[in-house]
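All remarks here apply to the structure that follows.
By convention in this document, chain letters (A, B, ...) are assigned in the order of the sequence lines, proteins followed by strands, and residues within each chain are numbered from 1.
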Protein chains: 2
Amino acid sequence: MARRSEALTRARIVDAAVELLDAAGEGGLTFRALSQRLATGPGAIYWHVANKDELLAAATDAVVDAALTDEPSAASPQDAVRAVALGLFDAIDEHPWVAGQLSASSWQATTPRIFESVGRQVRALGVPQREWFTVASVIVQYILGAAAQNAANARILGPDVDREAFLGTVSTTWEELDPEDYAFTRTVADQMREHDDREQFLAGIDLVLTGVTTTHPPR
Amino acid sequence: MARRSEALTRARIVDAAVELLDAAGEGGLTFRALSQRLATGPGAIYWHVANKDELLAAATDAVVDAALTDEPSAASPQDAVRAVALGLFDAIDEHPWVAGQLSASSWQATTPRIFESVGRQVRALGVPQREWFTVASVIVQYILGAAAQNAANARILGPDVDREAFLGTVSTTWEELDPEDYAFTRTVADQMREHDDREQFLAGIDLVLTGVTTTHPPR
DNA sequence: ACCTGAACACCGTTCAAGT
DNA sequence: ACCTGAACACCGTTCAAGT
């Protein structure tokens with residue numbers, strides 16, 4: 001499997017890192033495991049990459065870049081936002097470790113790309129210019145925040161656990177909470193069991209977009 | 001400083017863990033550092049706490065619990081949501097490591113408390129019952145997501161970096177992006193330099209709440 | 001029941017030495 | 001210029017031994 005004939009490049013290292021992260025999670029990325037997969041010593045990697053943080057940032061960048069390559073070209077700004085949001089949602093769902101990174105240090109390099117995609121649609125919605133930064137930030141925060149929490153749940157689940165069984169367990173736990181302290185949570189326990197993550201994420205996007213267009217109606 | 005006369009309890013361990021996390025971040029919490037601070041051996045801690053994950057979850061719980069103790073008792077459901085949101089925002093701002101935990105494994109234990117607080121206000125807003133879970137989830141996702149990203153920025157900053165200088169640097173970086181690929185981001189670079197995190201967070205809450213009341217107008 | 005602290009397996013990172 | 005792999009300092013966790 002290991003193609004030891006090919007040169008050790010930064011790109012090959014990042015690709016292998018993504019594979020390791022996908023396969024075994026954040027704890028699975030090890031300089032030893034990585035160097036074994038690349039058929040070298042651990043020290044070799046340090047010639048191409050400064051340290052583990054930089055490697056994680058590069059891996060995150062690679063995933064987000066891939067998720068954002070498809071140009072929106074949608075019917076409405078709303079649809080374009082939905083497309084960007086779903087692209088990131090799916091990418092994070094497929095690579096759950098990305099979530100932790102996006103709220104970590106790679107923020108600086110990766111976020112402008114997301115911000116730009118969303119911001120153009122904010123402009124297209126007719127939001128007044130002095131609100132552009134605020135509104136675009138709020139939408140990006142919701143997208144990344146919701147996707148991150150979704151990924152966290154997926155991480156608890158693990159790849160081998162049955163989703164329905166898990167939701168059933170949580171739902172049952174909720175139903176057994178103190179009736180007085182958790183009146184609301186108990187009531188919606190069955191809604192939680194039957195909800196669809198993707199649908200709910202889109203419902204959130206739509207709520208935010210409705211808030212935006214209501215607060216800043218297009219002239 | 002170390003009160004070696006007192007018994008080693010789970011509560012004292014968790015308190016010391018919070019202090020270490022506050023002082024030195026996620027990397028600062030070490031069983032060795034912790035046991036030194038508590039004047040014992042590392043093994044002693046394992047009698048009270050199963051492992052590091054459980055310890056982190058307990059520390060997170062402690063912080064969130066403290067942030068949610070003040071009952072809202074606000075004029076409107078909107079104000080109550082703002083109060084809960086700001087309480088969590090400030091708690092995460094003060095204990096940035098909490099953000100990473102909330103999107104990690106402690107989700108199960110801690111989230112119902114937040115969910116209940118927000119959910120009661122969703123009910124009070126007159127949202128139809130079959131939408132309760134969705135709407136409450138969206139609000140909680142925004143609160144935790146936005147607070148987490150804010151904390152991430154604070155973590156990059158570190159406690160000793162000048163905030164204004166940092167924002168100035170980021171703003172300048174944005175202004176130097178490619179004019180075609182990053183037309184929007186460049187335009188709002190100065191807005192980013194002058195924004196206030198707390199205000200922007202509240203603006204997001206209000207956008208979401210407006211979206212909720214517009215989509216589900218109170219009868 | 002609760003604490004001690006040495007020991008184990010593992011990790012990120014460095015660096016002299018090689019090609 | 002690029003790679004090797006032993007070595008260093010450190011970590012989470014265990015466990016026989018103590019009180």
Task: Whole-Å gap separating P (C:dA1) and CG (B:Leu8) - done: 16 Å
TODO: Could you tell me which residues satisfy side chain to side chain contact (heavy atoms under 4.5 Å, CB included) with A:Glu175, sequence neighbours excluded, listed by chain and number?
DONE: A:Ser171, A:Ala189, A:Arg193
Open item on the list: What is the distance, to the nearest angstrom, from the CG atom on B:Leu34 to the C1' atom on C:dC3?
Closed with: 15 Å
TODO: Check side-chain hydrogen bond (donor to acceptor under 3.5 Å, both in side chains) between A:Asp181 and all other residues, then give those that pass, not counting sequence neighbours.
DONE: none
Open item on the list: Between B:Arg186 and B:Glu180 (salt bridge meaning N to carboxylate O under 4.0 Å), is one present in this structure?
Closed with: no
- [ ] Can you sort out the partners of A:Phe133 under ring pair (Phe, Tyr, Trp, His ring centres under 6.0 Å), two or more places apart, ordered by chain and number?
- [x] A:Phe115, B:His195
Task: Nucleic acid footprint by protein, nucleotides 6-19 of chain D - heavy-atom cut-off 4.0 Å, B for base, S for sugar-phosphate alone - done: -B---BBBBB----
Task: Listed partners of A:Arg120 passing salt bridge (charged side-chain N to carboxylate O under 4.0 Å, His left out), at least two apart - done: A:Glu116
Open item on the list: For B:Arg32, give me all partners under salt bridge (charged side-chain N to carboxylate O under 4.0 Å, His left out), at least two apart in sequence or on another chain.
Closed with: none
TODO: Hey, could you give me each pair passing ring pair (Phe, Tyr, Trp, His ring centres under 6.0 Å) that has a residue in residues 9-53 of chain A? Not counting sequence neighbours.
DONE: A:Phe31-A:Tyr46
Open item on the list: Only Watson-Crick and G-U wobble pairs, only distances under 3.5 Å, only runs of 3 or more: what stems does that leave for DNA chain D?
Closed with: C:4-8 with D:12-16, C:12-16 with D:4-8
Task: Under the salt bridge (charged side-chain N to carboxylate O under 4.0 Å, His left out) test, residues paired with B:Arg82 that sit two or more places apart - done: B:Asp79, B:Asp206
